[in-house]
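In each ligand, atom 1 is the first atom listed, and ligand 1 is the first ligand listed. Computed from a predicted model, the values in this text were never measured in an experiment. Throughout, residue positions are numbered sequentially from 1 according to the sequence presented.
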Amino acid sequence: MSHLISVMVHTPAHSGIGGALTYESEIAHPPGTLVRVPLGKRELLGVVWDKTPSAEPASAEDALFTTRGVMQLRPIASVLDGMAPLSAHWRQLVQFTASYYQRSAGEVALAALPSQLRELSNAQWMRRLKRKPKAVTAYEGTDPVTPEPTAEQTQVLANIAAYQGPFLLFGNTGSGKTEVYLRAAQSVLERDANAQILVMVPEINLTPQLEERFRARFCPQWGAECLVSMHSSLTPAQRLKNWLAAHSGEARIVLGTRMAVFASMPHLQLIVVDEEHDPSYKQQEGARYSARDLAVYRGQLEGAKVILGSATPSLESWHHSRPATESAPAGRYMRLSMPSRVGQGALPLVRRVDMNRQPYKTVFSNHLLDAMRERVTRGEQILVLLNRRGYAPVLSCNDCGWKSECPHCSAYRVFHKLDRTLRCHHCGFTQPVPRACPSCGNLDISPLGRGTEQLEEHLAELLADIRRPDSTPIRIARIDADSTRLKGELERQLAEVHAGAVDVLVGTQMIAKGHDFRRVTLVAALNPDGALFSSDFRAPERLFSLLMQAAGRAGRDATMHTVSPCEMWVQSFHPLHPLFEALKQHDYPAFAEQQLKERAQATLPPFSFQALVRAEARSQEAAQGFLNAARDAGAALADELLVDLYPAVPMTIQRVANIERAQMLIECTSRKALQHFLTCWQTDLHALRHTHKQVIRWAVDVDPLAI
Ligand code: ADP
Ligand code: ZN
Ligand code: ZN
């Protein structure tokens with residue numbers, strides 16, 4: 001007897017086939033089984049799915065017709081034997097992601113599986129399975145000392161043990177959040193011999209320390225294989241290996257970036273999302289999911305506890321963790337606070353420099369320079385933060401006003417002095433720097449503005465006469481996307497800073513995150529003003545969190561600043577801005593309250609819910625035309641559901657690589673109504689795509705982070 005089974009495959013986006021396809025099989029494979037199925041002339045990896053009544057045959061030509069005219073389905077091609085089916089929870093997570101973020105479940109499911117599962121032949125797969133698991137290898141490392149928890153840590157851990165959560169761990173930088181994760185994990189592992197833990201981090205290569213701390217804590221007891229990592233810089237073979245270890249239950253801890261939220265973990269009991277506010281938890285293509293939000297959903301689905309941790313939580317999570325008031329009940333997260341730093345480490349004293357009172361074109365105020373000189377002489381380290389890489393953001397002609405525009409984008413190309421190129425940071429278009437102005441031939445073309453490369457050069461001149469305590473010359477280094485392009489470079493450069501071989505580190509936000517630099521006592525932020533007046537309502541939130549994180553790099557070791565307290569310097573033309581006032585007090589709650597008040601008044605998230613539709617075409621007119629047609633098509637339903645559809649507008653960077661980009665904002669105070677609208681409206685969008693042939697691509701972004 002043969003069975004009809006539904007199989008989820010990744011059909012091309014917008015092909016119109018959204019759900020599972022129906023195939024025939026001799027054996028009734030249970031849902032979650034991985035199979036290969038024919039589709040047209042190809043063979044695809046698919047997941048046997050729960051019976052869906054709407055499952056269609058794999059397109060008309062795929063359905064064979066018998067002589068009696070009865071449609072006969074094609075049989076599945078093969079089964080990936082030797083592996084337990086993916087769980088019902090995993091399938092539900094995929095299904096939810098697809099419907100919430102308006103993509104097909106097949107796309108989400110297949111993107112969540114390691115690519116080698118798609119690529120290996122049956123013979124290769126069988127060989128892969130026969131590979132004997134190595135005997136548990138002993139972990140080679142020194143037995144770490146596990147510190148006694150502080151009073152705040154003890155309190156937080158007791159709450160995590162007693163309640164179901166989800167928890168927002170609001171802990172200052174250096175308050176010992178990681179130690180809380182480690183202890184919470186420890187007790188889960190000890191309580192249940194199968195239990196698994198998922199730990200998510202924003203960017204794994206920025207925080208190699210965290211993985212090391214987890215290994216050092218757990219590998220001596222549970223073996224070197226108890227922890228696997230999942231992130232995009234693994235090779236396909238490593239990724240498959242780690243994925244299988246998690247899926248089989250052999251790996252007790254999975255440490256990974258946003259993709260890890262889809263790891264198949266049959267005994268998941270705890271999920272940690274470290275630096276939960278970090279924008280890199282949001283996927284920016286395909287299904288544009290928020291791994292943080294999915295972690296909360298997954299925890300609820302599987303009965304696993306969820307801990308979101310941050311010193312500067314996203315305003316969404318802060319709002320969700322609000323305490324009850326007389327007039328309103330508490331939010332659905334439980335807020336746990338750790339205000340103190342471990343040990344004697346004090347938070348830095350924030351000093352603001354009013355740049356209006358500095359001579360024109362000042363880069364470093366004299367006071368700041370003096371402070372830097374003094375500290376280097378004492379053997380302390382300094383971080384200088386500037387969120388703009390390259391030498392100068394623009395090159396310009398002093399005669400005719402020519403500027404180094406990118407011919408393919410609505411943006412300037414950045415001047416990189418080291419290799420004398422003009423590089424577009426949007427499309428990558430790179431050319432050697434012209435010797436004379438391309439427009440008027442004038443030889444006098446010069447950089448406008450300043451990037452990290454120039455800052456490094458400039459500082460080397462300003463501090464040339466400074467000696468370290470051992471009388472050797474000062475050492476200045478730079479860490480940004482350019483200096484760390486080669487594999488392994490970032491790790492090497494960070495190791496140098498940790499080893500004390502660097503006195504002044506210049507860099508972009510890459511240097512602000514997570515690092516436990518022990519000797520840093522001064523952090524300087526130059527020119528952070530741009531974000532104060534951005535059109536993106538989240539810009540202040542991002543700036544505040546960046547500055548708080550940066551400040552958190554200073555003074556982590558109390559023995560380092562016995563002479564004078566550690567400091568964070570901010571040079572600004574708006575030193576009295578409330579954002580800097582809150583920074584000065586290290587007062588995230590005050591900042592959050594002020595921002596939430598503004599957002600409530602303007603009905604912005606978290607007091608409303610948003611989606612963006614973006615469209616790309618050769619002309620701005622075509623891109624906007626498509627969006628406005630979609631707006632007309634959805635208008636009646638939007639009205640009914642109280643959903644606001646705004647007119648189409650060009651994106652902030654309107655043209656990239658000669659493609660015009662436009663977007664349209666959709667807003668509603670009810671998440672449910674917005675979801676309902678988007679689901680119904682999909683059909684209109686797909687249909688309009690056929691009448692607007694100039695549109696190259698379009699996509700919906702639910703809960704977009706950048707507007
Ligand atoms: P966070 O993750 O909140 O920035 P960490 O967990 O990295 O903080 O802790 C900061 C420093 O304090 C680390 O060097 C860590 O080893 C140390 N630490 C954390 N908890 C304790 C404790 N209970 N006793 C002693 N040292 C601790
Ligand atoms: Zn010119
Ligand atoms: Zn460009």
Side-chain angles (χ1 to χ4, degrees), residues 144-157 169-185 199 201-202 207 209-214 216-217 272-276 307 309-313 336-345 347 395-414 421-431 434-446 498 512-519 548-560 653-661:
V145 242
T146 307
E148 274 306 302
T150 61
E152 285 178 3
Q153 285 168 336
T154 307
Q155 182 62 41
V156 161
L157 285 161
L169 176 55
F170 169 52
N172 233 323
T173 49
S175 63
K177 292 186 290 298
T178 312
E179 186 59 33
V180 168
Y181 308 151
L182 287 164
R183 289 210 166 240
V199 181
V201 294
T207 47
Q209 280 179 325
L210 187 78
E211 181 171 349
E212 208 24 62
R213 276 172 81 179
F214 270 82
R217 184 67 60 90
V272 172
V273 184
D274 190 25
E275 309 291 0
E276 67 89 32
I307 307 174
S310 177
T312 51
L336 307 172
S337 301
M338 296 203 301
S340 323
R341 276 193 149 182
V342 175
Q344 304 308 310
L347 283 169
L395 206 60
S396 127
C397 168
N398 298 327
D399 228 24
C400 75
W402 170 88
K403 286 192 176 63
S404 56
E405 264 166 58
C406 174
H408 311 298
C409 305
S410 48
Y412 294 116
R413 279 176 299 165
V414 175
T421 56
L422 288 179
R423 248 187 263 160
C424 174
H425 287 184
H426 300 280
C427 72
F429 181 64
T430 303
Q431 276 184 327
R435 204 166 316 153
C437 170
S439 163
C440 74
N442 171 24
L443 289 176
D444 185 18
I445 49 178
S446 58
H498 285 295
K513 292 185 180 177
H515 315 287
D516 196 9
F517 295 133
R518 306 304 295 180
R519 293 177 48 223
M548 284 280 276
Q549 291 290 329
R553 296 320 105 208
R556 295 177 80 84
D557 187 345
T559 58
M560 278 310 297
I653 298 190
Q654 166 174 345
R655 188 167 49 100
V656 167
N658 290 322
I659 306 285
E660 289 285 338
R661 315 181 315 160

Test your reading of the structure: does [X] have an N or O sitting under 3.5 Å from an N or O of ligand 1?
X: P147; value: no
X: R213; value: yes
X: V342; value: no

Please report, to 10°, the angle around the Zn ion (ligand 2) from atom SG (C400) across to atom SG (C440).
110°

Just jot down the ligand 1 atoms closer than 4.0 angstrom to any heavy atom of [X], in number order.
X: N172; result: 3 (O)
X: P149; result: 23 (N)
X: T150; result: 23 (N)
X: E179; result: 6 (O), 19 (C), 20 (N)

To the nearest 10 degrees, could you say what angle the Zn ion (ligand 3) makes with SG of C427 and SG of C406?
110°

Ligand 1-proximal atoms of E148, by part, heavy-atom distance under 4.0 Å:
backbone

Would you kindly specify which portion of V180 sits under 4.0 Å from ligand 1, judged on non-hydrogen atoms: side chain, backbone, both or neither?
neither

Which protein non-hydrogen atom lies closest to [atom], naming both residue and atom, and how far is it?
atom: atom 20 (N) of ligand 1; value: Q153 NE2, 3.0 Å
atom: atom 3 (O) of ligand 1; value: K177 N, 2.8 Å
atom: atom 13 (C) of ligand 1; value: D516 OD2, 3.9 Å
atom: atom 4 (O) of ligand 1; value: G174 N, 2.9 Å
atom: atom 2 (O) of ligand 1; value: T178 OG1, 2.8 Å
atom: atom 8 (O) of ligand 1; value: G176 N, 3.1 Å

Can you find a pair of side-chain heavy atoms, one from [X] and one from [Y], that are under 4.5 Å apart?
X: W402; Y: P438; result: yes
X: R413; Y: P407; result: yes
X: Q549; Y: T312; result: yes
X: C437; Y: D399; result: no
X: V342; Y: E179; result: no
X: E211; Y: V201; result: no
X: Y181; Y: V199; result: no
X: S439; Y: C397; result: no

Taking atom OG of S175 and atom CZ of R341, what is their separation to the nearest 0.5 Å?
9.0 Å

In Å, rounded to the nearest 0.5 Å, how long is the span from CD1 of I307 to CG of L169?
7.0 Å

Does ligand 1 have any atom sitting under 4.0 Å from a heavy atom of S175?
yes

So does H425 have any N/O/S atom less than 2.8 Å away from the Zn ion (ligand 3)?
no

Side-chain donor-acceptor pair under 3.5 Å between E152 and S340, yes or no?
yes

If the plane angle is over 60° it's perpendicular, under 30° parallel, otherwise tilted; pick one for H498 and F517.
tilted

